[in-house]
Amino acid sequence: DMSRPVVTRIAPSPTGSMHIGTARTALFNHLYARRHGGKFLIRVEDTDRERSTQENVDILFQGFAWLGLASDEEPVYQAQRADRHREVVDELVQRGAAFRCWMTPEETEAAREVARAEGRALRSTWRDRTDGDPSQPHVIRFRTPDDQPVVVVDAVQGEVSFPSKDLDDLVLLRSSGEPTYNLAVVVDDHDMGISHVIRGDDHLNNTPRQALIYDAMDWERPVFAHVPLIHGPDGKKLSKRHGATSVAEYADQGYLPEAMRNYLARLGWSHGDDELFSDAQAESWFDLEHIGRAPARLDFDKLNHVNGWWIRQADDERLAALVQQVRAGRGDVVADADLPRLIRAIPMVKDRADTLIALADQLAFALLNRPLAIAEKPAAQLTDEARARLARLSDRLAGLETWDAAFLDDSLKGFADAEEVGMGKIGPPLRAALTGGVASPDIAKTLAALGKAESLGRMADVLSPQA
Ligand code: GLU
């Protein structure tokens, strides 16, 4: 039904971390909703009471918040909907689409044996019996059609047909009264008005079972789109050994959320050869037609390239705050007084950093404690002759009223001319004094980033070392 309003959802279980595949599925659903002016919803599948702790639920929402994805309505918690699930199971029983089953575990095992021998899935011996005692423990099962194709039209996989003889009489309600997974998913998706179920293809096998429940309730099925799972760089299913698998790990490794969104959008979906694009572009382009049928491979070089590009687009003050967070994670607090210096240094190095970690490392020179610890090699540059020249340079720089990289570059060249030496006699000792040997940009940029007072201070430390 093309006139149906588009409502998509992500339905994660709180497991204690947000898998990168969940992040991508959420993004696809979010983009699809935005593309069609629809809604994107979050449903927490928290029926596993042991794993669904508040802490694990918080981890999920931290992941969504970091990714910049929010539910357009109050999130739904599946465990709170058990009464509604039971109501639908009752309705299915009334419709004759489900039935009560009193098979003991032994009888179930025996029926399974027979089924296996006959090359079909389990059929309950209670399908057509009416002599059960409802006060005795029993389950409620779905009455699966004996042998007919269950056809699912999938927006990614195409038309997929499942013989119903391979689908057992699915338990909908356990003897404890707990609804089962496939039933809960269908009821919730229906009640939430979900029009499109975009999810990992590990759920494809659940789809015929779910489709049968929709049909039995005379509910319109959603459009299904099963996306191949993300693979590691070696083409095998993504696992820990490939490196980061959770969203939090990518955040910790210094990836920007907008870069992650950009990269994940391209992981299994394409818009021509476009690699670098904004959220607005992705929202206007995203479609199901261009989701690939082959699993996408995680490629860290590509991710770094995308991230580096987004770092260069990012505002310097925001990057400074993020670098402060990286340093705080290492126990290094950036003093307020050092913040302007950090911000000034960012444009000088941001085109060399692919991650915030690399950016923080490139910026270390701006945040060194005085007096600097000078490494052996640069210390060797500070000969008596070099120090005497540094003292004259310091005097000259002290007189400058303009302090920007271009002007400083000219001043250094003018000083070299006046001293009748090449820049090779000036740069290395100056850099030793200014950085102690820590990585730094071009020398004029280093001076500009440090600022006048800090530059002259670091030079003075070298010229009159504390006893
Ligand atoms: N809760 C399921 C999962 O974590 C998702 C169910 C669905 O998307 O239908 O994989």
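Scope of the values below: all heavy atoms of this structure, side chains included, with no hydrogens, waters or symmetry mates. Whatever order the structure lists them in is the order used to number ligands and atoms, beginning at 1.
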Show the numbers, then the answer: is there a salt bridge (Lys or Arg N to Asp or Glu O under 4.0 Å) between D234 and R297?
CA-CA 8 Å; D234 58 0; R297 290 184 190 198; over 6 Å; no
Need the list: ligand 1 N/O atoms against protein N/O atoms, distance under 3.5 Å, rounded to one decimal.
unit_1: ligand 1; atom_1: 1 (N); unit_2: A11; atom_2: O; d: 2.7
unit_1: ligand 1; atom_1: 1 (N); unit_2: E45; atom_2: OE1; d: 2.5
unit_1: ligand 1; atom_1: 8 (O); unit_2: R9; atom_2: NH1; d: 2.6
unit_1: ligand 1; atom_1: 9 (O); unit_2: R9; atom_2: NH1; d: 3.4
unit_1: ligand 1; atom_1: 9 (O); unit_2: R9; atom_2: NH2; d: 2.8
unit_1: ligand 1; atom_1: 9 (O); unit_2: R199; atom_2: NH1; d: 2.8
unit_1: ligand 1; atom_1: 10 (O); unit_2: H203; atom_2: NE2; d: 2.9

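When the shell of 6.0 Å around CG of D315 is examined, it contains more than 12 heavy atoms from other residues, nucleotides or ligands.
Annotation: cation-pi geometry not satisfied between R81 and Y77 (NZ/CZ under 6.0 angstrom from ring centroid, within 45° of ring axis). Both tests hold for R129 against W126: distance to the six-membered ring centre under 6.0 Å, angle to the ring axis within 45°.
Between D46 and the options Q80, R51, Q78, a side chain to side chain contact (heavy atoms under 4.5 Å, CB included) holds for only Q78. Among L356, T355, V306, V247, the single residue meeting the side chain to side chain contact (heavy atoms under 4.5 Å, CB included) criterion with Y255 is T355.
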